[in-house]
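This one's a predicted model, so the numbers in the text were calculated from it and none came from an experiment. Indexing begins at 1, ligand by ligand and atom by atom, following the structure's order.
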Amino acid sequence: MSEKRLVLLGPPGAGKGTQAQWLCDALDIPHLATGDMLRGAVANNTEVGQQVKPFMQAGRLVPDEVVVNVVAEAIDEAKKTSPNGYVLDGFPRTMRQADALQKVLAKRREKIDKVILINTPDEVVQERLMQRRSCPDPLCGAVYNLKSKPPREEGKCDNCGKTLIIREDDRPETIRVRQQQYWHDTEPLIDYYQRKGLLVEINGKGSLEEVAGQILIAVSKIKRGPNRDSQRRKAIESESAAPEKDAENKDAEGADDAAPEAGAKK
Ligand code: AP5
């Protein structure tokens, strides 16, 4: 299987976590969800957890530098067990995070293949978040919906039997803050990734299955860029002929990634 590095973008409650889980199962790649990682840190009362807890409780984004470090470590860990890529869910969420991600990947001579925007109107996501119930066990983390995906037994996780909870940030006033943060800080990434030719927009209003189907179609259309493929071919060819030339080719491949983006702060 070719490598796939995907980003799921969309407002809170668009269905990123649900769809990421299905997509990762289908592609057999890891699901790197910053919300889950940060909630895990809070639950374990780590230094990072103590730092981010007040932000998360208020529905505000945690500081960029904290989440960038968490993601960079997660990408390194994921590479050890899965060479085939990953799905980033909930990252990047600011222009600074997008810029940092590009730099993290450039160092590893990697690129994002596709950014999937699950476009879902505010009133739909509000309703979904009010109906969401979550498994509190960080190792399970199953997500339900009283309307669209109820548990088999009321209030109990199908997988581990734990009592389902309402996430602390799923209160109406906190949902509104999260939505405002999305429109202010994250929405500019739509244009940013569109200009890079990486964005594909999915209508998130459909059923779980309809949205999943659209995402799978988008992912199946990912092609390796001819430039990158030919560079790789050249590198392999020149490796046997002249190893020092190969190093030059590899530098050229990474140069585009390393270039800072216009408008991105860091
Ligand atoms: P995070 O956990 O990432 O929250 P979020 O982005 O607000 O997303 P959600 O998890 O609420 O929703 P989702 O899109 O995953 O939807 P889901 O699949 O659950 O982040 C939490 C906090 O961590 C942030 O507020 C911030 O403080 C911090 N944080 C995280 N990343 C950060 C970053 N990069 N930078 C800074 N801070 C960061 O679905 C929602 C519900 O709808 C479920 O009940 C589901 O069953 C249902 N549903 C889903 N799809 C459908 C459908 N198509 N039809 C019907 N129901 C559906």
Side-chain angles (χ1 to χ4, degrees), residues 7-24 31-43 48-49 51-72 74 87-101 116-122 124-135 138 141-151 158 164-171 174-187 189 202-215:
V7 169
L8 286 189
L9 193 63
K16 302 181 296 295
T18 306
Q19 295 298 338
Q21 196 58 62
W22 287 5
L23 190 55
C24 289
H31 174 195
L32 307 184
T34 43
D36 291 346
M37 293 174 207
L38 296 172
R39 274 186 291 279
V42 171
V48 168
Q51 211 176 341
V52 301
K53 189 175 176 180
F55 291 92
M56 296 181 76
Q57 277 179 333
R60 289 164 51 213
L61 295 180
V62 311
D64 288 329
E65 53 278 15
V66 176
V67 75
V68 166
N69 286 336
V70 167
V71 169
V87 174
L88 284 172
D89 159 13
F91 184 91
R93 273 193 214 206
T94 65
M95 288 297 291
R96 286 187 66 193
Q97 290 179 19
D99 187 42
L101 175 62
I116 298 163
L117 168 66
I118 308 180
N119 200 358
T120 319
D122 281 355
V124 174
V125 298
Q126 266 162 16
E127 165 76 8
R128 283 183 189 168
L129 291 176
M130 303 289 285
Q131 305 287 337
R132 175 162 65 183
R133 297 294 180 270
S134 307
C135 177
V143 173
Y144 301 87
N145 191 282
L146 298 184
K147 279 195 179 159
S148 57
K149 197 184 166 207
D158 292 352
L164 300 177
I165 57 158
I166 298 177
R167 241 169 70 175
E168 222 178 325
D169 58 353
D170 277 350
R171 287 172 287 130
T174 321
I175 292 172
R176 273 194 294 279
V177 176
R178 287 160 63 201
Q179 287 180 313
Q180 283 159 5
Q181 293 264 277
Y182 175 77
W183 291 115
H184 184 266
D185 294 290
T186 311
E187 203 256 357
L189 294 181
I202 302 293
N203 178 359
K205 271 168 69 175
S207 70
L208 288 161
E209 293 76 11
E210 282 163 357
V211 176
Q214 290 180 65
I215 292 176

For this session: Could you check if a side-chain atom of M130 sits within less than 4.5 angstrom of a side-chain atom of I175, using non-hydrogen atoms only?
Result: yes

If we number the atoms of ligand 1 from 1 as shown, the ones under 4.0 Å from a heavy atom of G17 are 13 (P), 15 (O), 18 (O)

Exercise for the section: For residues C135 and V143, determine if any side-chain heavy atom of one lies less than 4.5 Å from a side-chain heavy atom of the other. Expected result: no

Going by the 4.0 angstrom heavy-atom rule, the piece of L129 near ligand 1 is side chain

Take every heavy atom of K147, measure it against each atom of ligand 1, and state whether any distance is under 4.0 Å. no

Out of T94, N145, L88, D185, the nearest non-hydrogen contact to atom 47 (C) of ligand 1 is supplied by N145

What do you reckon, does G206 have a nitrogen or oxygen under 3.5 Å from a nitrogen or oxygen of ligand 1?
yes

Whether the side chain of Q131 engages the backbone of Y144 through a donor-acceptor N/O pair (distance < 3.5 Å, no angle test) should be reported.
no

Taking only non-hydrogen atoms of L38 and a 4.0 Å limit, the atoms of ligand 1 in range are 28 (C), 29 (N), 30 (C), 38 (C)

Within the 4.0 Å heavy-atom cut-off, what A33 brings close to ligand 1 is neither

Practice prompt. For I116 and I202, run side-chain contact (heavy atoms from CB on, under 4.5 Å): C-alpha distance rounded to whole Å, both residues' side-chain angles, the deciding distance at 0.1 Å, then the answer.
Written response: CA-CA 7 Å; I116 298 163; I202 302 293; 3.5 Å; yes

Looking at R60, I want to see if its CZ is surrounded by more than 12 non-hydrogen atoms of other residues, nucleotides or ligands under 6.0 Å.
no

Distance col, row Y182:OH vs L61:CG, nearest 0.5 angstrom, shows 12.0 Å

For R60, the ligand 1 atoms with a heavy-atom partner under 4.0 Å come out as 26 (C), 27 (O)

Note: Q97, heavy atoms under 4.0 Å from ligand 1, region reported as side chain

At under 4.0 Å between heavy atoms, what of V67 touches ligand 1? The answer is side chain

Looking at ligand 1, would G10 count as a contact under a 4.0 Å heavy-atom criterion? no

Determine, step by step, whether W183 and D122 satisfy the side-chain contact (heavy atoms from CB on, under 4.5 Å) criterion, reporting the C-alpha distance in whole Å, the side-chain angles of both residues, the deciding distance to 0.1 Å, and the verdict. CA-CA 10 Å; W183 291 115; D122 281 355; 3.1 Å; yes

protein heavy-atom neighbour closest to atom 13 (P) of ligand 1 works out as K16 N, 3.5 Å

message = Surrounding CD of Q57 (heavy atoms of other residues, nucleotides or ligands, distance under 6.0 Å), is the total greater than 12?
response = yes

| task | Kindly say whether R93 contributes a backbone atom to a donor-acceptor pair with the side chain of T186 at under 3.5 angstrom? | result | yes

Could you tell me whether Q19 and ligand 1 have an N or O pair separated by under 3.5 Å? no

Q97 and V67 have their tightest heavy-atom pair at NE2-CG1, 3.3 Å

Ranking T186, D64, T18 by closest non-hydrogen atom to atom 45 (C) of ligand 1, top hit is T18

- Are M56 and D169 side-chain neighbours, meaning at least one heavy-atom pair lies under 4.5 Å? no

Atoms of ligand 1 under 4.0 Å from any heavy atom of S148, numbered from 1 in the order shown, are 55 (C), 56 (N), 57 (C)

Atom 20 (O) of ligand 1: of Q57, R93, M56, the nearest heavy atom sits on R93

Under 4.0 Å from one or more heavy atoms of G13, ligand 1 contributes atoms 8 (O), 9 (P), 11 (O), 12 (O), 13 (P), 14 (O), 16 (O), 40 (C)

*asked:* Quick one, L189 and M95 - any side-chain contact, counting heavy atoms below 4.5 Å?
replied: yes

Per-atom filter on ligand 1: closer than 4.0 angstrom to a heavy atom of Y144 are 43 (C), 44 (O), 46 (O)

Note: ligand 1 atoms sitting under 4.0 Å from heavy atoms of G90 are 31 (N), 32 (C), 33 (C), 34 (N)

Quick look: R167 vs ligand 1, heavy-atom contacts under 4.0 Å, and the answer is side chain

Contacts of A33 meeting side chain to side chain contact (heavy atoms under 4.5 Å, CB included) (sequence neighbours excluded), chain-then-number -> H31, D36, D89

Counting from 1 in the order shown, the ligand 1 atoms closer than 4.0 Å to a non-hydrogen atom of T34 are 30 (C), 31 (N), 32 (C), 34 (N)

Discussion item. Side chain or backbone, does F55 bring an N or O within less than 3.5 Å of an N or O on ligand 1?
Written reply: no

